[in-house]
There are 2 protein chains.
Amino acid sequence: MTVLMKGAEVSAAMKESLLAELSALKSEGIEPKLGIVRVGARPDDLSYERGALKRFDGLGIPTQVFELPEDITQAAFETEFRKINDDPSVHGILVFQPLPSHLDNDWVRTHINPLKDVDGMSPLSSAKVFAGDKDGFAPCTPSAVMEMLAHYGVELKGKNVTIVGRSMVVGRPLAMLMLAEHATVTICHTRTVDMPSICKRADILVAAAGKAKMIGADYVTEHSIVADVGINVDPEGKLCGDVDFDAVSPIVRMISPVPGGVGAVTTSVLAKNVLKAARLLAAQKKS
Amino acid sequence: MTVLMKGAEVSAAMKESLLAELSALKSEGIEPKLGIVRVGARPDDLSYERGALKRFDGLGIPTQVFELPEDITQAAFETEFRKINDDPSVHGILVFQPLPSHLDNDWVRTHINPLKDVDGMSPLSSAKVFAGDKDGFAPCTPSAVMEMLAHYGVELKGKNVTIVGRSMVVGRPLAMLMLAEHATVTICHTRTVDMPSICKRADILVAAAGKAKMIGADYVTEHSIVADVGINVDPEGKLCGDVDFDAVSPIVRMISPVPGGVGAVTTSVLAKNVLKAARLLAAQKKS
């Protein structure tokens with residue numbers, strides 16, 4: 001019987017430990033808050049924002065949305081962002097990217113306080129992830145994969161993990177998080193030759209290519225554990241992952257669906273990171 | 001017939017293009033200089049320094065050694081380092097690490113001007129390498145591996161590259177440099193299970209484990225191309241690599257020896273990085 005790795009179950013389990021940490025922080029007089037910086041009102045951003053607000057609401061963690069006009073100048077954006085960055089009541093900052101094309105994405109990535117960088121966008125955060133330093137913030141999606149595998153008791157040490165995709169938001173940071181857990185890691189991508197054979201050898205296969213249903217039955221065996229990070233729309237207009245779920249799920253040992261898989265864990269990771277940020281900021285204040 | 005990949009041949013070929021770029025820089029009034037910061041006089045540091053000075057001398061690139069007393073205080077070190085960092089006549093800075101234990105390695109890594117960071121020690125450099133941004137400086141050893149393979153015409157796109165070792169000075173940055181060339185990359189380490197089988201499947205195998213002669217005949221096939229990054233001393237007191245050269249070299253297609261292999265390319269990479277730094281600094285000055 002194939003085990004279905006459900007994001008809602010992972011988030012429900014995370015909720016317990018998040019509430020415990022939240023109450024510990026509050027007892028120290030710390031009230032963690034997430035600041036969301038959104039320029040304009042792109043539907044994708046609004047959809048993720050709604051999900052995040054609902055999650056944080058469910059946990060009792062305050063949020064504040066800073067909506068800035070789509071035509072804001074770089075100078076005005078910098079002024080607004082600095083205020084949020086320096087506001088001691090904001091512990092974590094999520095900035096929707098990419099910013100409109102007239103704004104400087106690099107500026108915000110290099111100016112965000114690394115201790116508030118709960119979505120792992122700054123070079124300092126990525127350098128820490130690269131080095132395997134657990135103080136750093138990884139982007140939420142690769143962290144969600146790690147939470148999911150941990151929740152379902154998937155051992156990583158000494159296992160062969162193959163990641164399809166080499167982006168800076170999933171593939172590369174995930175490879176580093178897997179290395180930190182002592183997995184043997186292979187990174188595949190569009191130029192990989194004979195990808196099905198390589199993927200078949202993996203104990204754990206993570207699909208993060210951004211290509212609808214590209215992982216078929218020939219990529220897996222009955223031993224495979226498959227995490228699907230893709231969020232695509234199929235020709236019938238339905239949400240689907242990078243894995244051809246109908247073809248793959250009957251074969252493998254464990255698999256995460258889309259929707260309802262990894263994507264349903266990312267806002268829980270965001271909450272976890274806000275609590276971690278609140279801790280780091282408090283420790284910095286003391287030292 | 002096994003092809004021997006010799007560091008001296010790679011460096012000789014690099015010399016031509018380095019001299020051309022040096023003369024181009026000079027014609028623009030730029031005189032690139034390497035600053036070497038050494039605290040104390042560790043034999044390893046002195047040995048590498050001698051090699052670097054000889055290489056730079058052969059290329060006609062000036063160097064300046066800043067030798068600081070082993071018992072220098074952090075405050076005094078910071079003052080000295082800031083002077084070098086801000087000195088417009090110094091285009092690249094090599095700091096021997098680790099610093100003595102009473103000094104703060106992190107301070108120097110986070111304060112070095114990223115444009116002068118020719119040995120790729122700063123978090124900003126490693127973030128760029130992680131992201132595949134070729135503006136960044138990778139550490140010299142992984143870059144030396146890339147130069148060697150390029151010199152011997154080894155194609156990387158779509159090839160399976162296996163790296164044994166996950167350090168921040170070789171394994172991890174090398175994995176990212178290989179990804180940038182579109183190789184499919186596997187990273188092995190001490191926790192990897194059945195490493196010989198995994199290594200045998202590689203088109204290109206890079207040994208960077210720091211363990212004398214650990215890569216034996218069972219790790220390779222007649223198709224393997226092997227780059228040996230290890231520098232160890234065997235029980236007879238002789239220099240040796242991570243590869244058991246006598247056992248492996250008769251089998252494989254290409255191999256780099258130790259000594260005389262990758263290690264003989266690192267100071268050429270250092271020189272290349274100093275010229276690149278001089279270009280980046282000049283471009284920054286103009287803008």
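These numbers come from the heavy atoms of this one structure, side chains and all, not from hydrogens, waters or symmetry mates. Naming convention: chains lettered A, B, ... in sequence-line order (proteins, then strands); numbering from 1 in each chain.
- Screening A:Val206, A:Asp242, A:Val243 for a side-chain contact (heavy atoms from CB on, under 4.5 Å) involving A:Val226 leaves a single residue, A:Val243.
- Listed by first then second residue, pairs satisfying side chain to side chain donor-acceptor pair (under 3.5 Å) with a partner in residues 135-148 of chain A read A:Glu147-A:Lys272, not counting sequence neighbours.
- Per-residue counts of heavy-atom pairs under 4.5 Å with chain B were compared for A:Leu124, A:Leu179, A:Thr192; the largest is that of A:Leu179.
- Residues of residues 194-203 of chain B that come within less than 4.5 angstrom of chain A, heavy atom to heavy atom, are B:Ile198, B:Arg201 in numerical order.
- Remark: the backbone N or O of B:Phe137 is not paired with any side-chain donor or acceptor of B:Lys128 at under 3.5 angstrom.
- Contacts between A:His182 and chain B at a heavy-atom distance below 4.5 Å involve backbone atoms as well as side-chain atoms.
- Heavy-atom distances place both the backbone and the side chain of B:Arg172 under 4.5 Å from chain A.
- Ring orientation note: the planes of A:Phe130 and B:Phe130 are close to parallel, at an angle under 30° on the 30°/60° scale.
- A:Ile163 pairs with exactly one of A:Val185, A:Thr186, A:Ile204, A:Leu205 by the side-chain contact (heavy atoms from CB on, under 4.5 Å) rule, that one being A:Val185.
- At a 4.5 Å heavy-atom cutoff, the contact between B:Ala183 and chain A is made by backbone atoms alone.
- With hydrogens and angles disregarded, a donor-acceptor distance shorter than 3.5 Å links the side chain of B:Thr110 to the backbone of B:Asp106.
- Under 3.5 Å, the side chains of A:Asp228 and A:Ser256 contain no donor-acceptor pair of N or O atoms.
- Classification of B:Lys134 and B:Glu181 as a salt-bridged pair holds, one side-chain N sitting under 4.0 Å from a carboxylate O.
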